[in-house]
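Taking it in order: structure first as structure tokens, then the write-up.
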2 protein chains.
Amino acid sequence: MGRWEPDARGRLAKAALALYAERGYEQTTVAEIAKRAGLTERTFFRHYADKREVLFAGAGELEGLFVGAVAGAPESAAPLDALTLGLDAVAEMFADRREFACRRQAVITANAELRERELIKLASLAAALTGTLRGRGVAQPAAGLAAEAAVAVFKIAFERWIVPAEERPMRELIRESLAELKAVTSGA
Amino acid sequence: MGRWEPDARGRLAKAALALYAERGYEQTTVAEIAKRAGLTERTFFRHYADKREVLFAGAGELEGLFVGAVAGAPESAAPLDALTLGLDAVAEMFADRREFACRRQAVITANAELRERELIKLASLAAALTGTLRGRGVAQPAAGLAAEAAVAVFKIAFERWIVPAEERPMRELIRESLAELKAVTSGA
DNA sequence: CACCTGATGTCAGCTCCTGTCATCACGTAG
DNA sequence: CTACGTGATGACAGGAGCTGACATCAGGTG
């Protein structure tokens with residue numbers, strides 16, 4: 001055993017999610033999170049930039065996966081087809097994390113500050129996708145619009161996937177949302 | 001003359017924008033804003049919920065205008081056509097406020113916290129548009145996707161309108177973005 | 001004149017977050 | 001084996017954002 005219990009970061013994340021869920025984000029102090037993880041407040045801020053970020057550590061992974069899949073699409077693929085590959089890759093990643101995603105999302109939707117943070121992560125994703133499309137030769141503003149549209153599809157499919165009543169696979173919901181988007185933008 | 005100088009709210013907003021532009025958002029304290037407006041810190045927080053909100057007082061107006069135009073579209077209009085009427089209404093509103101919008105946007109884009117707040121205002125707009133479309137009989141998820149797409153069009157048109165080099169009318173940029181969105185979603 | 005109202009000032013206090021320095025197990029060089 | 005460096009952590013002070021509670025006081029109202 002080392003000098004400290006291992007995985008301080010993970011313990012902080014777990015403690016934070018638990019407390020945010022138990023008593024609400026605003027009613028939880030960083031000192032309490034740290035205490036539950038057996039650490040101090042100062043150490044919390046060494047692992048996470050702020051009180052919100054502890055819930056968004058996985059965002060970078062999602063972005064990397066999405067961008068990677070789009071970048072790896074065949075050169076001949078149209079922008080929306082490349083983005084669809086990215087959406088599929090993301091869907092796969094979510095497949096076995098439904099319960100965790102649900103608890104986490106319940107906390108986020110319950111608080112405006114956390115929703116703000118979530119939105120900027122999605123915006124960062126859109127920006128990264130825009131850059132990737134541009135690297136594939138797509139011009140502006142088409143690249144930006146396609147990226148925003150793909151993120152909207154992800155957002156809405158995710159919203160429906162989270163609903164406990166549905167229980168449908170993420171991939172299916174994404175295909176449906178994509179089809180709806182095409183219908184609604186071409187229909188007018 | 002009343003007991004106090006009139007328009008405390010407006011004075012605070014003006015002082016805040018000036019200071020944020022001068023020395024940056026983070027380097028400005030609320031006490032400084034209040035002092036420049038001839039008020040106290042406590043009074044600032046009576047007018048604005050937090051240090052960011054002072055830049056977003058007009059967001060409600062934008063949302064109302066957009067939603068009103070969509071709601072007032074002919075019943076026969078397709079979702080995207082109704083949304084286009086909303087986009088046009090918004091474009092008109094921006095027409096004579098370019099300089100103010102530029103200064104404000106420069107401050108916002110320079111700071112992540114302010115971008116977060118901007119994003120949640122846009123999300124609120126998308127939610128309001130979704131509700132309006134649903135009121136017009138559009139089902140989910142089509143309503144949500146159409147709303148998100150319209151907000152994406154607004155976002156990207158606005159980005160281009162702000163660029164000093166361009167100087168093209170907002171309405172024209174919106175039409176262009178809309179056409180690009182249709183092209184990119186139907187082309188694949 | 002007495003009273004109420006509403007915008008503001010004053011003050012105490014919590015929480016978030018940061019800078020700085022101390023601590024101390026572990027690894028490594030000698 | 002000792003000495004030293006390293007890296008994660010603790011301890012402490014302090015600024016800034018934000019809130020609650022109470023005081024103040026010009027104006028309107030009876």
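In what follows, chains carry the letters A, B, and so on, assigned in the order in which the sequence lines appear, proteins first and then strands, with residues in each chain numbered from 1.
- In this structure, B:His47 does not reach the C:dA7 phosphate: none of its side-chain N or O atoms is under 4.0 Å from OP1 or OP2.
- Atom CD of A:Glu5 and atom P of C:dC26 are 12 Å apart (whole Å).
- Contacts of A:Thr109 classified as side-chain contact (heavy atoms from CB on, under 4.5 Å), with partners at least two apart in sequence or in another chain: A:Gln105.
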Item to check | Protein proximity profile, nucleotides 12-17 of chain D - base contact B, sugar-phosphate-only contact S, no contact -, cut-off 4.0 Å on heavy atoms | outcome: B----S
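- Atom P of nucleotide D:dC18 and atom CG of B:Leu39 are separated by 17 Å, given to the nearest angstrom.
- If you take NZ of A:Lys35 and C1' of D:dG10, they are 15 Å apart, rounded to a whole angstrom.
- Annotation: side-chain hydrogen bond (donor to acceptor under 3.5 Å, both in side chains) contacts involving residues 67-77 of chain A, sequence neighbours excluded, are absent.
- In this structure, B:Arg103 contributes its side chain and B:Arg98 its backbone to no donor-acceptor pair below 3.5 Å.
- For the pair B:Glu53 CD and D:dT19 C1', the computed distance is 17 Å after rounding to whole Å.
- At whole-Å resolution of the value, CD in A:Gln27 and P in C:dC14 are 17 Å apart.
- Protein atom CH2 of B:Trp4 is 12 Å distant from nucleotide atom P of D:dG28, rounded to whole Å.
- Each salt bridge (Lys or Arg N to Asp or Glu O under 4.0 Å) pair with one or both residues in residues 130-158 of chain B, not counting sequence neighbours, appears once here: A:Glu148-B:Lys155, A:Lys155-B:Glu148.
- Among residues at least two apart or in separate chains, ring pair (Phe, Tyr, Trp, His ring centres under 6.0 Å) pairs with a member in residues 14-39 of chain B are B:Tyr20-B:Tyr25.
- Rounding to whole angstrom units, CD of residue A:Glu113 and C1' of C:dC16 are separated by 10 Å.
- Side-chain contact check for B:Ser186 and A:Ser186: no donor-acceptor pair (N or O, by modelled atom type) lies under 3.5 Å.
- For the segment residues 9-21 of chain A, no residue has any heavy atom less than 4.0 angstrom from an atom of DNA chain D.
- For the pair B:Thr40 and C:dT8, the criterion of a side-chain N or O lying under 4.0 Å from OP1 or OP2 is not met.
- The interatomic distance linking A:Phe44 (CZ) with D:dG10 (P) rounds to 14 Å, in whole Å.
- Residue B:Leu85 belongs to no hydrophobic cluster, having no ILVMFWY side-chain heavy atom closer than 4.5 Å to its own.
- Evaluation of atom-type donor-acceptor distances gives no pair under 3.5 Å for the side chain of B:Arg46 against the base of C:dG6.
- Counting only residues at least two apart or in different chains, side-chain hydrogen bond (donor to acceptor under 3.5 Å, both in side chains) contacts with residues 51-63 of chain B comprise A:Glu116-B:Arg52, B:Glu53-B:Arg117, B:Glu53-B:Lys121, B:Glu61-B:Arg97, B:Glu63-B:Ser124.
- Note on residues 47-75 of chain A: pairs passing ring pair (Phe, Tyr, Trp, His ring centres under 6.0 Å), not counting sequence neighbours, are A:Phe44-A:Tyr48.
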